[in-house]
2 protein chains.
Amino acid sequence: MAYFPCILGIWIFLHHGCVTGYPKQTPSGSEDTRICTSVPPHLPPTATNTSERLSSLRLHMRTHNLSAYVIPSTDAHMSEYLAERDKRLSWMTGFTGSAGTGVVTLQKAALFTDSRYWLQAERQIDCNWELQKSVWVDFISEWILHEVPAGERIGLDPFLFSVVEWRSYSQALEDVERILVPLEDNLVDRVWGTQRPPPPASEIYHLSDNFTGRPWQEKVSALRSQMEHHSRSPTALFLSGLEETAWLFNLRGDDIPFTPVFYAYALLTKTDISLFVHEGRLSPEASQSLTAQCPGPLCVQMPAYGQARAGLRGYAQQAGVRVWIGAEHTTQGFYGAIPPEKLLEEDYSPAMLTKAVKNSREQELLRAAHVRDAVAVIRYLVWLEKNVPSGSVDEVSGAQYVDQLRRQELYCHGPSFETISASGLNAALAHYSPSNETSRRLSGAEMYLLDSGGQYKDGTTDITRTLHWGEPSPLQKEAYTRVLMGNIDLARLVFPPQTSGRTVEAFARRALWEVGLNYGHGTGHGIGNFLSVHEWPVGFQSNNVPLGDGMFTSIEPGYYKDGEFGIRLEDVALVIYAETKHPVPGEPYLTFEVVSLVPYERNLIDATLLSREQIEYIDRYHMAVRKRIGPELQERQLDEEYQWLLQKTQPLSHTSLLATSLGTLAMGTLTSTLLPGA
Amino acid sequence: MAYFPCILGIWIFLHHGCVTGYPKQTPSGSEDTRICTSVPPHLPPTATNTSERLSSLRLHMRTHNLSAYVIPSTDAHMSEYLAERDKRLSWMTGFTGSAGTGVVTLQKAALFTDSRYWLQAERQIDCNWELQKSVWVDFISEWILHEVPAGERIGLDPFLFSVVEWRSYSQALEDVERILVPLEDNLVDRVWGTQRPPPPASEIYHLSDNFTGRPWQEKVSALRSQMEHHSRSPTALFLSGLEETAWLFNLRGDDIPFTPVFYAYALLTKTDISLFVHEGRLSPEASQSLTAQCPGPLCVQMPAYGQARAGLRGYAQQAGVRVWIGAEHTTQGFYGAIPPEKLLEEDYSPAMLTKAVKNSREQELLRAAHVRDAVAVIRYLVWLEKNVPSGSVDEVSGAQYVDQLRRQELYCHGPSFETISASGLNAALAHYSPSNETSRRLSGAEMYLLDSGGQYKDGTTDITRTLHWGEPSPLQKEAYTRVLMGNIDLARLVFPPQTSGRTVEAFARRALWEVGLNYGHGTGHGIGNFLSVHEWPVGFQSNNVPLGDGMFTSIEPGYYKDGEFGIRLEDVALVIYAETKHPVPGEPYLTFEVVSLVPYERNLIDATLLSREQIEYIDRYHMAVRKRIGPELQERQLDEEYQWLLQKTQPLSHTSLLATSLGTLAMGTLTSTLLPGA
């Protein structure tokens, strides 16, 4: 799935985009459906009336002598998807998009979000709120500086901002004499009161050895070994990210939508292990798996989740200790519990970094999940070919059907994110999910984009294909072909060890750039073994770690024509060693192996744009798909799908290959060269 | 000229390289020619005995209660090339390389330098010094942490560290309880005493309107306008970089080798202009050019150079002021003169950023300089072809001859850096400059690399060509062709506005990477109009600014085979608007136009490796060279050179084009397609 990382100075959004400057005006009235000047104000029926909530919030702000209060859209673990009780921004504003920040002053309220969500936000927020079209901390801070005079106080919940984000706000605001107040008492929760949903209580379960790379004890030992060999000699490791705890202990839960994790913190010392979790929530098997070796250095103690900070603080107060944290996933609140001189701070914890490199067993599991996932997607594509012409499929029913096909697959635990099933102009909204209001009927007259994935006990998947059942326009065909060229130019790249994704992602854009096209989202993200569909810190952004053997990342260029169509081609790829003509001893080069196994849309490929190498690559890929998926289809007696597969994976013809290679060469020259007597 | 930016986490040096870890051992004795255990120590005759200087330095350190003292290799303006009196590191250590840091403790002394200089350092430093093979601040700091216990003091001259570097040291050392002492009294200067060379006293001259983009008054007005429109409302701009002052006032001097600048600082407010310089050094014309409009807002006052900090401090103490600085070129010493709340800090000053974008007049000037420069280089290449076979040319005499040819060109002011004239294995040392000791005779049996440039009053040039007059080995030919492919793949790239060089420089590496080859230096750097040959902040590194229309940068991939040969192909290119098939209104895409105009070495091109587009590009480039340089050669009656040019710029043959395009295609298939009756 594509994502829109709005990191300072990194992304230029060509069509929608993170706004780089501070606009002098708020969105013009003509765009805004929220007419606030009439009495009573005219609001779209989709908006939430937030007047009462805001009044109540401002009362609390006054109590704390705050001139502004900042509401982010994450939880205490920096999660991407949120449990209902953590959807504070959504509850406060009515806006349900996944990324945004709210800032409330005593007079004003502003919602900051990125281009994906501007239309949605206009529909959902009421006239108490103004929409600000960027999510950059610098941009938000400029707005705050404009509204809050020097010397006044701005409240933030320190448990909802990572160390890194807190620093950005501090730099932008404290350097110019505004006071950041770390307010542990969350004011939105105060207002929400008893209406706030309760904490998740579902069972936390043990993931059996069939689905894990190695026993949790080995992971713990590996991390302890890293602690021992670190030059700064940490004595403990504190983990905040939900994926790192789930990964480390081979446990899973259902606290968060789409991601099988559970609320917990972990403190790992050389001799002790504390998992801060509601112990009663563990299944007997899970509990047993953690305590079988008690007492001892591989015995997991389970203090309550709410005791995490006290536990960390208590540990850090001892003499001679040093606590290792990853600043991207640790909140300012926990960070503050460790005296600075006892801190070892890196961007990512060693658990995050170890998890990013899948061992051979984990690779095998992820590959296997992708085979079953490909069967589900192919079944859907065949079904579409049959049913779209009759006009019986719309975006919603399509999404439901592909979700259903995935659920029929072995080990499936549901979708890994909300299925993006978008026809025609809806696909130009890169993060569109269909609803009954917006759903379009699929037809041969429009392009259709499907971006979907599954959570399987052996792996998480994420794939995007774009289709056309009729006659595509020349621009659609050109754009699709260039997106495909970008996908495969990056996928077939050979590169040295320690190459950062950020420095090679332009290979996915070059073919589009060549003719003045581009896309405004990231080029790829890591993915987990039955964990996050967007798994940090792997990917192609500036804050990702260098690509290494055993990492999985998506590769997903796209092209979006506002109001007309959208194209994205996404595959998951494994970083592997490359065989090079001139091998470098001890420093093998790397390349990608694509593990998503669904054919591309031949109807949209203009082979004359492709180089010989690109055509050969596509043919090799299609042969690999046929080889892996064909037997699976045959075994299940999915004959129709098997025939479809054979057809879709035929090599691009020699004719097109020749036409391409010769390109603009004058045929006359060629003929006279080959036929000197002619 | 290639450069080796050792920025944290950025460069991986494959063959030489910035070392990433802290080595447990210093360089082994077997590599070290400095046998220190014998009495008296055996030293290479090339080493300087530094015992006395070190003793004296340590006395001063004790006086200040310092456990360590850090000696960088720059001046108070962050210059790349240094005047003799600023070569403190060189005087203290004997090491004459351009990049390095010395750290002296009461017991030890270490020289930190990068791979270019390891051999040279071993030859030049005596046994008082240990060689440490990295220049990263983190690496140096680790060494210091190892030698200096917590709580002890480390001295640094705050006028020799940029704000950015100071912060790096502070983070690495102060966070772990070492005390950074900003010692304004430079201890090396103390020891150097009266032996230290005097300040430069040569005349500072006015650059006539023929050679400048616009009058200095217009530049001042443009900067004042930027101050006015900045959201943080700066009231003054303080300039530390020597190139920014020289550029701003259209003045030049000869204080620094290879770069026509002079020692000065500037403070520009809305109403006043102070140029801190020794006024007596200005030529009457230069003086007149600055004071013609006195009194008034375009009158330049000239307080003494030594008054710069007092002047800045005095201004910054006033109420209601805010001083704008560029942190990359401002030293910690000057930074400290501005109260934090009166500071507007950005990476680069607006003068640096404005200078980076050449206006149409400056572009024209730079192009013209490159035409004359190409004539000089072509004359040299023709001379080499005639004289190398007789064995009468060596690296030194070659370098002298090309320098001499340049000096014969109109407006030439000497070389823009020390000419790199390297044959055979010497070229594998990417920053090699020949000396009488190392000079090799040029011959048809070896490759030869020439990296050189000139300072012309209209522009600075920098070009690298690699040659072979005999039969190159298959690896030489392949590597040359792949380096060329990299050069042109980057040069012909079309990319969106605001693209950072760092995200596209891999296009210059892809063809090498494909077969496991690479190079360990940067891919390009900005260049000035009769200013620095390495002009910040343009280029392809992480701390460069996005590429924009009107910027000039070198493009210079290479390949180096230790002990055998070196290849580099460097051109200067101008960023221009690109015409794309799908134009983006208001956001024109960009590409490069190469302004270096010397043919590539046909003897080293393996056309079968090239794509059709690459061959077409080379042919177009060679036609442009012929068109621009041909008439110049004819006009000067350089007939031999003209014939040479015609020969070297012939299109790569249709035969090779066909062979390439068809590549591995079976000729049989082709024939049967074209000749169905055959």
Side-chain angles (χ1 to χ4, degrees), chain A residues 9-10 12 14 20-22 142 175-177 231-232 340-341 343 475 478 493-500 502-507 509-510 513-518 542 546 578-584 587-589 611-613 654-655 657-658 661-665 669-671 673-675, chain B residues 9-10 12 14 20-22 142 175-177 231-232 340-341 343 475 478 493-500 502-507 509-510 513-518 542 546 578-584 587-589 611-613 654-655 657-658 661-665 669-671 673-675:
Chain A
I10 297 306
I12 299 306
L14 289 181
T20 57
Y22 176 53
E142 281 286 330
D175 286 2
V176 284
E177 297 160 76
S231 66
R232 303 280 307 277
E341 71 277 10
L343 196 65
L475 176 61
E478 177 179 13
L493 186 72
V494 174
F495 52 90
Q498 293 301 317
T499 294
S500 121
R502 181 66 188 142
T503 64
V504 296
E505 69 105 48
F507 287 97
R509 300 180 188 267
R510 195 203 58 82
W513 285 356
E514 194 172 17
V515 292
L517 308 180
N518 201 3
S542 58
E579 282 183 21
T580 55
K581 180 177 169 189
H582 305 285
V584 190
E587 295 186 293
Y589 273 42
S611 71
R612 192 181 65 232
E613 292 82 1
H654 278 204
T655 315
L657 177 54
L658 253 184
S661 296
L662 299 179
T664 57
L665 262 192
T669 311
L670 179 63
T671 315
T673 308
L674 293 169
L675 305 173
Chain B
I10 298 303
I12 299 306
L14 289 181
T20 58
Y22 176 51
E142 281 287 331
D175 286 2
V176 283
E177 296 161 78
S231 67
R232 302 279 308 275
E341 71 278 11
L343 197 65
L475 176 61
E478 176 179 15
L493 185 72
V494 174
F495 52 91
Q498 294 299 321
T499 294
S500 121
R502 182 68 189 140
T503 63
V504 295
E505 69 104 48
F507 287 98
R509 300 180 188 269
R510 194 204 57 83
W513 285 357
E514 193 173 19
V515 291
L517 308 181
N518 200 1
S542 58
E579 283 181 22
T580 54
K581 181 177 171 188
H582 305 286
V584 189
E587 296 187 293
Y589 272 42
S611 71
R612 192 182 65 232
E613 291 82 1
H654 280 202
T655 316
L657 177 55
L658 255 183
S661 295
L662 299 178
T664 57
L665 263 192
T669 313
L670 178 63
T671 314
T673 308
L674 294 169
L675 306 173

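Remember, it's a predicted structure, so these values are computed and weren't measured experimentally. Letters A, B, ... are given to chains in the order of the sequence lines, protein chains preceding strands, and every chain is numbered from 1.
- Using a 4.5 Å cut-off between heavy atoms, E478(B) contacts chain A through its side chain alone, with no backbone atom that close.
- A pairwise comparison of heavy atoms in R232(A) and V176(B) identifies NH2-CG1, 3.3 Å as the closest pair.
- Here the closest non-hydrogen pair linking V504(A) and W513(B) is CG1-CZ3, 3.7 Å.
- Summarising the geometry, atom NZ belonging to K581(A) is positioned 8.0 Å from atom CG belonging to L475(B); distances are rounded to the nearest 0.5 Å.
- Residue L343(B) does not touch chain A at all, counting heavy-atom pairs closer than 4.5 Å.
- In this structure, CG in N518(B) is found 7.5 Å from OG1 in T499(A), a value given to the nearest 0.5 Å.
- Proximity to chain A (any heavy atom under 4.5 Å) is restricted, for E341(B), to the side chain, taken from C-beta onward.
- Between chain B and the options A506(A), S500(A), A578(A), the largest number of non-hydrogen pairs under 4.5 Å is found for A506(A).
- Using a 4.5 Å cut-off between heavy atoms, S231(B) contacts chain A through its side chain alone, with no backbone atom that close.
- Looking at heavy atoms from C-beta onward, R510(B) lies in side-chain contact with L493(A) at the 4.5 angstrom threshold.
- The minimum heavy-atom distance between V494(B) and E514(A), with the atom names listed, is CB-CA, 4.1 Å.
- For E177(A), the CD atom counts as loosely surrounded, since its 6.0 Å shell holds 12 or fewer non-hydrogen atoms of other residues, nucleotides or ligands.
- For the atom pair OG of S542(A) and CZ of R502(B), the computed distance is 11.5 Å after rounding to the nearest 0.5 Å.
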